Each structure stands twice: as C-alpha cells, then as structure tokens.
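Order of the sequence lines fixes the chain letters, A, B, ..., with proteins taken first and strands second; residue numbering starts at 1 for each chain. Owing to the predicted nature of the structure, the values given are computational and were not obtained by experimental measurement. Just the heavy atoms: all of them, side chains too, but no hydrogens, waters or symmetry mates, feed the values below.
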2 protein chains.
Amino acid sequence: MSIKPRQAGIELGLHASIVSVDRNEPHVVCVTSPGNSKARDSLPFGVFTPLAHRTLEIGLRRWVEEQTGLSLGYVEQLYTFGDRGRHAREGDRGPHMVSIGYLALTLQTDIAKEHVRQRRWYDFFPWEDWRLGRPQIIDTTIEPLLLEWCKRKPDNDAHEHPLGRKERIRFLFGLNGVSWDEEKVLDRYELLYEAGLLEEALIDGRSAAKAWDTPCELGRPMNHDHRRILATAMSRMRGKLKYRPLVFELLPPEFTLYELQKVVEAISGTPLHKQNFRRLVEGGGFVEATGDMKKSTGGRPAKLFKFRRVALVERPSPGLRVKATTPPPNA
Amino acid sequence: MSIKPRQAGIELGLHASIVSVDRNEPHVVCVTSPGNSKARDSLPFGVFTPLAHRTLEIGLRRWVEEQTGLSLGYVEQLYTFGDRGRHAREGDRGPHMVSIGYLALTLQTDIAKEHVRQRRWYDFFPWEDWRLGRPQIIDTTIEPLLLEWCKRKPDNDAHEHPLGRKERIRFLFGLNGVSWDEEKVLDRYELLYEAGLLEEALIDGRSAAKAWDTPCELGRPMNHDHRRILATAMSRMRGKLKYRPLVFELLPPEFTLYELQKVVEAISGTPLHKQNFRRLVEGGGFVEATGDMKKSTGGRPAKLFKFRRVALVERPSPGLRVKATTPPPNA
DNA sequence: CTTATTTATGCTCATATTGAGCATTACCTT
DNA sequence: AAGGTAATGCTCAATATGAGCATAAATAAG
C-alpha cells in the first residue's frame, strides 16, 4: 500500500465522559492499558466514520458500546478540541486528530469488560470534593505550589491573562474569603496545567516511571488531553444541574429525596441543607410521590418519588439574572 | 493528479456567527451570493487546515478576516454539526463536511467588503423579538400553522418526543399563560423546522424562485444549516448574558447605563425595568463611573460608566439553584 | 416494654432578592 | 419661565433563600 503524502488529512475522534454514581460516589468509565499497569487511562473513544455513522452521536454510541458494552442514555456534546500538538506523543506522522468530547450519563455501575473500569471522579480532581469541607490538598499542596509559580513571573503581565496570577488563584481556589465556585472545574484544571503542576503538563514524560495505580497528589493523570475533556464534562454537569434535571438520569426510577440529594451532592461536590433541598425539589415540581415508602433508611421510612417528565419544559430556566418587565415597557 | 477513491475523508468547516449591535438593533455578518440576489445568505466560513492553522480558533479568525476584513474580539465555540446529509444539495461527491459553529462579537458596524453585509438578527427570527410585546407573527401565522401540524399526528406519540406536539408548542411559544423563555431560540427553530414551516426544511427546493430580498413570513432563510447555527449562537448569547458580562464586548469603552440596557434588551429580545436594571448592574459591581457625563441624552445628562474587568472572576456565577450550606454539613 | 438512636418530614423566621412604581433632579427647547 | 425628556433616588410589597427547631416513625439497645 503506497500512501501519498497528502494534505494533512483530518481524523475526527469521539470521546466520551461516561458518568455514573455508585453509593454516593461519582465515577467515570475508563479504558486501561492492557498489560501495563503503570500506563495512564483513556476515555473510551473512536474515530468518526461518516460512511458508517449517520450522525456524530450515533458514532459515539457505537464506539462506546463496542468498547465498554454500555448502551448510553443521556448524551450531550461538550466541545471540540483541535489544537495542533494535542497528540504530540504519537509523533508528527499521520492525520491531524480533532476530538469531540461528549458527556454521557448511565445508571450501570458494573462493567463486564476487561480493561474497562469505572474510576472515582475525585481521584482525578481531588481538590473538587468539598462535601466534607475544604479539601486538605488545597492548603497543603496546591496553594503553596501555586504561590511559588506566582513568584516566577511579575504579577501584572496582561499578556498572559487579563488578571494577575495571584488574583486568578485567589478567585479560582477560594482564597482569602472568596467563596468556592464549584462550576469552575475546567478553569482550575487549566490553571494547574499552566502552572506545570499536572503530570500531563510535563511534556518530556519524566514521570512515566511512576505507578499510577494509587491516586497521586495532584490527581490521577490520563492520556493525552483526556483529563481536560473530563474536566469539561464535570464543569458542564455541575452547571447544568442547576437548571436542567440531569440528575434523574443517574437515579433509579424511584428514589427518596435524600437519595436524590446525595447524588446532587456527589456531582456538585458540596454539602446541601436537607430541608431546603427538599423544599426546592418538591416546590419546583420536579418530582411526584409514588405513594410507596422505602423502609430500610435506618430511621423513619421515606416516601418514594419519581421524576415528573413535564418539568423538563414546564419551567423556564430559573436563575434568570435579567427579567422582562410586564408588556408595556416603561423605557 | 489521480485521486484515489478513499475512505470518505472529512473536511472541517469553521462557521462564524458574528454579532454586533447598531442603534439598538442586533446584527449578524452575512456573506451574500455574488450576482444572484435571489440566493440565500451564508455565514462566513472556511475549511480548517491543520498545517496552516495552529488552532481551530486561529483558523476561524483567519477565515473571517479574509472574507470580511473584520478582526474579531470575543470568540466562543458553540457546537459541532456533523449529520450526514447536511450538505445534500452539493451532491454526494466529495468529502464529508463537519462544521464547527462559533459565536463572535464585534464592535464594528461598517463593513467595506462587497458581498458582505450585516443583517438584522430578527429578520431571521422575527418571532424572537418581544421588546415591543408579543410579536404578531406568533398569533397570526405560527400558532395556526403549528396547530395544523399538530392535528396531522396523534398527540401522544412518544417515539417522536417525550412530550406531545401540543405541549411542546405551548411551552416553547408561551401559549395559554406559559411564560416566554427567551433562551429557547434553538428549540423553537427546531420545532418550526420539524413542522416543515421553514424554507430550509423544504428539501426539493420548491421555493428557490422566491426573492429573499425582503424578510419572509417565517424569517429569512439561509444556506444549508446556517440558520440553525445562528439560532445556536443566539441561544448561547441569551443564556450567557445572565452570568457572564458579554455585553460589554458590544459597547464602546464608555457608555451610559441606559445604553447598556438597550444592548441587553436587543440581545435578549425582552424589555427591562430601567430602575431595577440599574440596581442590578451597579450593585453587581460590573461597572464603575468614569466621572464624565454624557450630555446629549435628550433629558438630564447621564453618568458615563466603564466595565470593571475584575467582575469577570470576582463573583461566582449567580443564579445558583442549589447552594452549599456552611461547612459542618447537617446531613 | 421502654428508651435511645436515626432519619424523614413539617414548620418558623430573619434576611436578601425581586418586581413594580412614585418622586425628584437636571438638562433641553420654546 | 414653562414644559418636555431622561436620569437617578427611593420605597414597598411579594418572594426566595439560608438556617435551624420541632415532631414523627421507624430500628436498636437495655
């Protein structure tokens, strides 16, 4: 087969961040490297073939099914990554790889395939789990390392970023009384990457000898930019949680309000006020009682609820910042 | 040059929805067909060439500059469209086209290129402009046509959509007391498309003879799926407006609060309460007074403001639905 | 059998955020 | 000087939110 040097073709990769929640712990489906326990994980992925796949999403579902045996429920496109050099390790031969990242949700928590497993989300982003309070790793490791990185460059270098390094750190990691914004997963990941604190940012592969079987200090790394794609998925999920009833895709058809709360907490990474959460969910019309009870709660039995599908469109996205006045504008 | 029949290659198109606001009217940059005034407009677009463009965004900027002479400010990736048959009109020959849609903002309102012009947003989506109250076209044209489409199929056919046609219409177009959600631009576009009410949905080109120089009843059509890309841009802008200070990219460095309000209204398509808007913007720390005044307001002179760049990260995204409790969780 | 423990659920209350509109101020035009 | 037009300041009622107390209904312990 003679392959002509052609106009640097493009190959479209489809990458899936498949999220599930098992016993209040969020997981993501990973593909491990056969035979090499030190190698990093990948997200399930495949190449889009227009002849075989009618749409991008169909292609993704096909690949995921083939690689993991999972058939996906909710699927949402996230972002298309196409920077040159994303796959530098593969060498400069071959077509340029552009990747489309997807967020997918599943109820399944058991996978029957070799080299496929569900890993805990927070192994990759240990600084994102605030359910038991501010994670230690921020104060013990992240903040000191970031402040050191700060010193290596004048603070007001606007070329790099409209904000100084110190300010970015302060706002993204909630220092000096700034409150934590759990949606900024991607921004935090990128800051850490920029500061050279993540394994993936070390281009020379210096760290290849390290065993990644145990979570490392600044989170378990992944192949290529897969951890960035995962961070994008996490940001999107946490954001969307607040105005679209995504969580229900992660719960069985019937559930108690507390189970629902625990899943929301798992995703958002923050603790919630039980009574207020209940008021919000019930008042919002998202659920309706089935009439049945769940006994094995450890205390008083809990009412079982199911998702009200109508709620999907019933209420306009809440959280509006600007709101229309009544018809006759006073402008 | 002998080109071998190869594995249906992929070409990546980069499409830009370039938005500006001129005299309180939002516009989008269009490329018109030379010599054919009946032909539809396109969005500026070009093919991504990995050898020439280091990143997707750089490629987009390059193409836009070449085609329109504009150098873009804010640019944001929207969505990647890849369905087979998107470009059916071009025949089945040639590589498969996958397109990445972008939203871009610019201050410029004058374009010095032939066959490039800025058209009013609402010419493409006349039902989206509620600034002067509910648009007539909804009651006179859209609702009757949609209800007719309703009758052509049983209402509870869940295969088509989890919601019945009637319910979708009701919620998307704000019938029967349901309030209008200005963010659902894309959903409305897709409903109209599905109902076959848009020119683009008529695959046989029956309407090719119509002159598109004047806005048509259900909005001015565009080539291929460009109007869908534009609808995506509009949805994104209206949504993002509420939690990111995007508007300032559409205003000169100094502006009055009323000018700011008018731009927000132009984008969101809804009228706002003047005093409350002022309270929101000033209280939110988005702007600071420059000390200067604008005289030619027609009444009392207005203070001039400028954007406070810090606000970008200072406040976590407002509009949170679920909010963390204080550290010791009562769960 | 009674009491402690545990979780579910109901309800209150102070505070903050909205939506709406009235009142006053400061310029311009006639 | 009077009237027109916006800008700006302020009030007020209606909700929404954050926090916590109180009660109910199960199980486990003694």
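- OP1 or OP2 of D/dT8 has not a single side-chain nitrogen or oxygen of B/Lys274 nearer than 4.0 Å.
- Taking atom NE2 on A/His273 and atom C1' on D/dT17, their separation rounds to 11 Å, with Å as the unit.
- Between B/Lys303 and C/dC27 there is no side-chain polar atom (N or O) within less than 4.0 angstrom of OP1 or OP2.
- Residue-to-nucleotide contacts include no donor-acceptor pair under 3.5 Å from the side chain of A/Arg279 to the base of C/dG10.
- Using a cut-off of 4.0 Å between Lys/Arg side-chain N and Asp/Glu carboxylate O, B/Lys262 and B/Glu259 are scored as not salt-bridged.
- For the pair B/Met293 and A/Leu304, nearest-nucleotide mapping onto DNA chain C gives the more 5' position to A/Leu304.
- Remark: P of D/dA6 and OH of B/Tyr258 are 7 Å apart, rounded to the nearest angstrom.
- Side-chain to base pairing of B/Arg300 with D/dG4: no donor and acceptor N or O lie closer than 3.5 Å to each other.
- Relative to the six-membered ring of B/Trp180, B/Arg238 misses at least one condition, a distance below 6.0 Å or an angle of at most 45° to the axis.
- The distance from atom CZ of B/Phe277 to atom P of D/dG9 is 15 Å, rounded to the nearest whole Å.
- Between the C1' atom of C/dT18 and the CD atom of B/Gln275 lies a distance of 14 Å, rounded to the nearest Å.
- Comparing C/dG10, C/dC22, D/dA7 against the side chain of B/Thr297 picks out D/dA7 as the nearest.
- When each of A/Gly299 and A/Arg278 is assigned the nucleotide of DNA chain C bearing its nearest heavy atom, the one mapping closer to the 5' terminus is A/Gly299.
- A salt bridge does not link A/Arg168 with A/Glu190: none of the charged nitrogens is closer than 4.0 Å to a carboxylate oxygen.
- Residues A/Gly298 and A/Asn276 both approach DNA chain D. Their nearest nucleotides, taken by heavy-atom distance, put A/Asn276 toward the 5′ side.
- For A/Lys295 and D/dA24, the NZ to C1' distance is 13 Å, given to the nearest whole Å.
- When rounded to the nearest whole Å, the span between CG of A/Leu272 and P of D/dA19 equals 11 Å.
- Qualifying side-chain contact (heavy atoms from CB on, under 4.5 Å) partners for B/Thr297, counting only residues two or more places apart in sequence or in other chains: B/Lys294, B/Ala302.
- For B/Glu259 and D/dA6, the CD to P distance is 13 Å, given to the nearest whole Å.
- For the pair B/Gln261 CD and D/dT8 C1', the computed distance is 13 Å after rounding to whole Å.
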Step by step, would you call B/Trp121 with B/Leu230 a side chain to side chain contact (heavy atoms under 4.5 Å, CB included)? CA-CA 9 Å; B/Trp121 244 20; B/Leu230 186 52; 3.9 Å; yes

